There are 2 protein chains.
Amino acid sequence: MSKQQAPLPLIDLNADVPCCPPLAQSQVPAETAAVLAPAFKALGDPVRLRLMSMIASAEDGEACVCDLTPAFNLSGPTISHHLKTLREAGLVDAERRGTWVYYRARPQILRQLAALLSIEPAAAATV
Amino acid sequence: MSKQQAPLPLIDLNADVPCCPPLAQSQVPAETAAVLAPAFKALGDPVRLRLMSMIASAEDGEACVCDLTPAFNLSGPTISHHLKTLREAGLVDAERRGTWVYYRARPQILRQLAALLSIEPAAAATV
DNA sequence: TGTCTGATTCGACGGACGTCGAGACAGGCG
DNA sequence: CGCCTGTCTCGACGTCCGTCGAATCAGACA
């Protein structure tokens, strides 16, 4: 049941997901886990984590594939595949402008993931 | 190079990892990505995400395997396997007391992951 | 229209992952 | 000591993932 055989063509994290109470505060419901786990999974690869960072920290908030690809010792199709994974996880958006394709981070889901992992200092003090 | 063929028996996230500047603020270095990606990967499974939440939100800060297992329609060995994955990712600690084994969350790495995903409100306003 | 460049899709291969049953290990209790 | 319960390890199986080369699609430009 842990294998995501669900199609989930495009996750709409902004729609119906409650998601927000921190993971350490209340138990994450199975449905929420099923929706958010793919996002963490998408970040669970070093290449995608760097791609996500390069996109999110880009100057104008967007990065061209032509700038992302040469940063790795990987083929173009492989980078394209990782970008598709990030896109299907709802972490980035793609837009074609003329010859080039630009990727842009979606801050909302990033905030949701960060909120899920957040720990109030009081809980940490108990250690 | 994205395939984690590294053994990484036990990640020591608290030791030499800089890790802290948000992902959207400066590019995550390859070395940092290689160390942190497995932690996200460990959270990238619905079962492990729920296990992590059940452990982190437990009453006394710890949860017994005997309480975790019946919450899923999965065999004992499978739950044990997922707990081992969380342990090797540095997300939880295990301790045997008598007959039962108790798992405890490690707040430090959770804070590091949350910090990496954090977005200052200013950046979000640019959308 | 033809051609060139940038990006994606397709098909394939090897390795990793999630799951299980069977067996082994650890500790408590008659 | 022997048995029982709880947990982990070990193989095994089917599926998914990361990677590549080849082919395809999308625009720009002459």
Side-chain angles (χ1 to χ4, degrees), chain A residues 1-9 30 33-34 37-52 55 62-89 92-104, chain B residues 1-9 30 33-34 37-52 55 62-89 92-104:
Chain A
M1 201 170 295
S2 171
K3 314 172 67 174
Q4 61 292 357
Q5 72 281 16
L8 55 100
F40 284 117
K41 187 177 195 173
L43 295 176
D45 181 279
V47 173
R48 287 196 293 266
L49 193 54
R50 290 176 60 197
L51 282 171
M52 188 69 212
I55 295 170
E62 62 184 10
C64 173
V65 176
C66 59
D67 291 330
L68 298 173
T69 303
F72 301 86
N73 285 330
L74 292 171
S75 69
T78 297
I79 297 297
S80 187
H81 161 72
H82 283 306
L83 289 172
K84 182 181 182 181
T85 301
L86 289 174
R87 214 181 333 136
E88 290 179 346
V92 300
D93 266 331
E95 178 193 2
R96 170 162 230 133
R97 283 206 302 277
T99 305
W100 294 280
V101 176
Y102 296 89
Y103 280 78
R104 184 177 287 273
Chain B
M1 201 171 294
S2 170
K3 313 173 71 174
Q4 63 292 357
Q5 71 280 17
L8 53 99
F40 285 118
K41 187 177 195 172
L43 295 176
D45 181 280
V47 173
R48 286 195 295 266
L49 193 54
R50 289 176 61 195
L51 282 172
M52 188 68 212
I55 294 170
E62 62 185 9
C64 173
V65 176
C66 58
D67 291 330
L68 298 174
T69 303
F72 303 86
N73 285 329
L74 292 171
S75 70
T78 296
I79 297 297
S80 186
H81 161 72
H82 284 305
L83 289 172
K84 182 180 182 181
T85 301
L86 289 174
R87 215 182 331 137
E88 290 179 347
V92 299
D93 266 332
E95 179 193 2
R96 168 162 232 133
R97 285 206 302 277
T99 304
W100 295 280
V101 176
Y102 295 89
Y103 280 77
R104 183 178 288 273

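Model, not experiment: these values are computed from the prediction. Chain letters run A, B, ... following the sequence lines, proteins first and then strands; every chain starts at 1.
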Separation of C:dT8 atom C1' from A:Leu86 atom CG, nearest Å, is 15 Å
Rounded to whole Å, the CG-C1' distance (B:Leu74 to C:dG21) equals 14 Å
Assign each of A:Gly76 and A:Thr99 the nucleotide of DNA chain D bearing its closest heavy atom; nearer the 5' end lies the nucleotide of A:Gly76
Side-chain N or O of A:Lys41 less than 4.0 angstrom from OP1 or OP2 on D:dC17?
yes
Donor-acceptor contact below 3.5 Å, side chain A:Thr69 vs main chain A:Val65: yes
From CG of B:Asp67 across to C1' of D:dT7 the rounded distance in Å is 14 Å
Heavy-atom nearest nucleotide on DNA chain D taken for A:Thr78 and for A:Arg97; more 5' hit belongs to A:Thr78
Separation of C:dG6 atom P from A:Leu83 atom CG, nearest Å, is 16 Å
Picking from D:dC20, C:dG6, D:dT19, the nucleotide nearest the side-chain atoms of A:Ser75 would be D:dC20
- Cationic tip of A:Arg97 within the cone over A:Tyr102's six-membered ring, i.e. under 6.0 Å and within 45° of the normal? yes
Among D:dA26, D:dG18, D:dT7, the one nearest any side-chain atom of A:Arg96 is D:dA26
In whole angstroms, the gap separating C1' of D:dA28 from CH2 of A:Trp100 amounts to 9 Å
With the side chain defined as heavy atoms from C-beta on, B:Cys66 is closest, among D:dG18, C:dG18, D:dG6, to D:dG6
### Message
Whether A:Lys84 contacts C:dA7 is assessed here as follows: a side-chain N or O lying under 4.0 Å from the phosphate OP1 or OP2. Is that the case?
### Response
no
When rounded to whole Å, the CZ to P distance for the pair A:Phe40 and D:dC17 reads 18 Å
B:Ile79 atom CD1 is separated from C:dT19 atom P, nearest whole Å, by 8 Å
Closest to the side chain of B:Pro77, out of C:dT9, C:dG27, C:dA22, is C:dA22
Handout entry: C:dT8 OP1/OP2 closer than 4.0 Å to side-chain N/O of A:Tyr103
Key = yes
When rounded to the nearest 0.5 Å, the distance separating NZ of A:Lys41 from CZ of B:Arg48 is 8.5 Å
Which of C:dA7, D:dT9, C:dT19 is nearest the side chain of B:His82? It is C:dT19
From NE2 of B:His81 across to C1' of C:dT19 the rounded distance in Å is 8 Å
Give the C-alpha distance, both sets of side-chain angles, the deciding distance and a yes or no for side chain to side chain contact (heavy atoms under 4.5 Å, CB included) between A:His82 and A:Phe72. CA-CA 12 Å; A:His82 283 306; A:Phe72 301 86; over 6 Å; no
When B:Leu83, B:Leu86, B:Asp93 are each screened for side-chain contact (heavy atoms from CB on, under 4.5 Å) with B:Tyr103, the one that passes is B:Leu83
